[in-house]
Amino acid sequence: MNKAIFYTILIVLTSLFQLVLSGPITIVNACPNFFLISVVVISLYSGMLPGAITAFAFGLFYDFLYGGCIGCMALTFILVSLVVCLINRILNLQPVVNSAIVAITASFLTELIYAIASILTNSLSSGVFTTLLNYSLPSAIYSAVILFVLLFIIASLLKQTPSMASNTNEALRKHKSKVVKYK
Amino acid sequence: MRLRNIIIVAILLVISIGLITFSVKMPDNPILSTVKSGVNTVVSPFKNLSSIINPQKDKAGQYKNYSDEEIEKIVQENSQLKELISQLEEYRQQNMRLTTLLELSNTYNLESVSAKVLTTSKGWNQVATINKGSADGIQVGMGVMSSSGFYGQVVSVSQNTSEVKLITDASSNVSAMLQNTRETGTLTGSYDGNLVLEYIPITSSVGAGDAILTSGEGGSFPRGIFIGTVKTIETDSSDLYYRLTVDTIIDLFSCEEVLVLTGKEDSTASLVDVNRINEIKGALSSDSVSGNSSVMNSTTSQKANEGFSTSNMDANKNDAAQP
């Protein structure tokens, strides 16, 4: 599968899930963040710049969609995208462990940074810890679980489709075969 | 190449921080409002889809599991409430007569548009989407009522949908007053879901269960809309003011229908009332000359009742329906 097609499908699906499903599948106060999936996947498999651009675009969309402080989620997603790229460079473990670490870090970091940004922009003096405990923590756990499952599935899919996992290698192999034919 | 990537990411970060500053400094900026409105117009069909997938809970179903004892208790409460309503009806009529006679035309024409709640967001931004927009005369800043009290304020409007910031949202600020003492304070939401009424002077007498209403200050909402009751009483860090936790009767997230208050103070209604008062004054003076006090009283109450428009009656009914 072509990378561009895969990303387009991913972006469309996560946007649809966020718009349509995030409300109905809310458990008590915990609400998953589907946009984070696209941001993390693109950051992991395409690097810093595409990840940051996706993060910025999805973050702004989120801010305009939910009426919060404009730019808060954009900043949060960009920082999370950078951290995910960093983790991806440092870690070289089993896909399950890698997916778990990335999912947990990304989800908790998103909630924490957005909480700090929201609290700073609203100039709140009280209820911070209660908020983190009642809303941020359950939401982060919920998002982390969904993200972990999807990352693991995507990692498995990429193994089965070498054209996506190693586009460069595939291109090199084709080029070499053409060179051999000419010879 | 690597340096170029870093520069682009840095630019995106700076733009984000710039947007945050811009949004905080100028929250009512028309450009941001237009973009928000545009985004909401585009995504409104998906939000409608969300409301189809997740219909609001059937409230009738909640009573299915009540035991006989609980039903008996509810029936008793119902009869007590009926008695209370009849008493309140008396007070209401008395209030109407006195208000008319004292020329207190502090009454509002509650012109409203009913709307269906499509979705409610429980996240950091507690926002509800309703199925009425600018095409129905809804504008940013209008107050929204549920069947049991104040619900929130319209923050963004597209052609067919609107976003309502709930009163429990952390950035929500509403001027409110205690019904008993008429002391006004600021009602704010919080991330932990509580409503807090601040800046009530410590000298005022406040008790748990006291009703809290909108004060009407600021002009966005009419005065006297029920918000909730006092749950807990604390003093703030300065020890000069009370910090009251407010208990709302209903769960805002389970609301299905709301009323958007499209009309504010109606000067025409006030004029009608003043004319009516003059008529009543005339009637009073002529009746006092004739000395027929019983006729005078009946005429006064009848005319006073006639002097109120239907919307004002509704407003008084709302006040009367408070616990």
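Chain A is the first sequence line, chain B the second, and so forth, proteins listed ahead of strands; every chain is numbered from 1.
The contact between A/Cys69 and chain B is made by backbone and side chain atoms together, counting heavy-atom distances below 4.5 Å. In this structure, chain A has no heavy atom under 4.5 Å from any part of B/Val155. With a 4.5 Å cut-off on non-hydrogen atoms, A/Ile53 touches chain B through its backbone and its side chain both. For A/Ala115, the parts lying near chain B are the backbone and the side chain together; criterion is any non-hydrogen pair under 4.5 Å.
Highest contact tally toward chain B, considering only A/Ala30, A/Gly47, A/Cys31, A/Cys72, is held by A/Cys72 [criterion: heavy-atom pairs under 4.5 Å]. For the set A/Leu75, A/Asp63, A/Leu60, the entry with the most heavy-atom pairs within less than 4.5 Å of chain B is A/Leu75. The residue among A/Ala55, A/Gly59, A/Ala52, A/Gly51 with the most heavy atom pairs within less than 4.5 Å of chain B is A/Ala52.
Looking at A/Phe61 and B/Val43, their side chains come closer than 4.5 Å, going by heavy atoms from C-beta outward.
Just one of B/Ile6, B/Val9, B/Leu12 meets the side-chain contact (heavy atoms from CB on, under 4.5 Å) condition when paired with A/Leu49; it is B/Val9.
To the nearest 0.5 Å, the span separating CD1 on A/Ile70 from NZ on B/Lys36 amounts to 4.5 Å. The structure places OG of B/Ser156 at 13.5 Å from OH of A/Tyr66, a figure rounded to the nearest 0.5 Å. Here the straight-line distance linking atom CZ of A/Phe64 with atom CG of B/Asn40 works out to 10.5 Å at 0.5 Å rounding.
Summarising the local packing, CZ of A/Phe108 is surrounded by more than 12 heavy atoms from other residues, nucleotides or ligands at distances under 6.0 Å. Enclosure of atom OH in A/Tyr45 by more than 12 non-hydrogen atoms of other residues, nucleotides or ligands within 6.0 angstrom is indicated. Shown here is B/Tyr241, whose OH atom has no more than 12 heavy atoms of other residues, nucleotides or ligands within 6.0 Å.
Taking 4.5 Å as the heavy-atom cut-off, the residues of residues 13-21 of chain B that approach chain A are B/Leu13, B/Ile15, B/Ser16, B/Ile17, B/Leu19, B/Ile20, ordered by number.
Pairing each heavy atom of B/Asn5 with each of A/Met48, the nearest pair is CB-CE, 3.8 Å.
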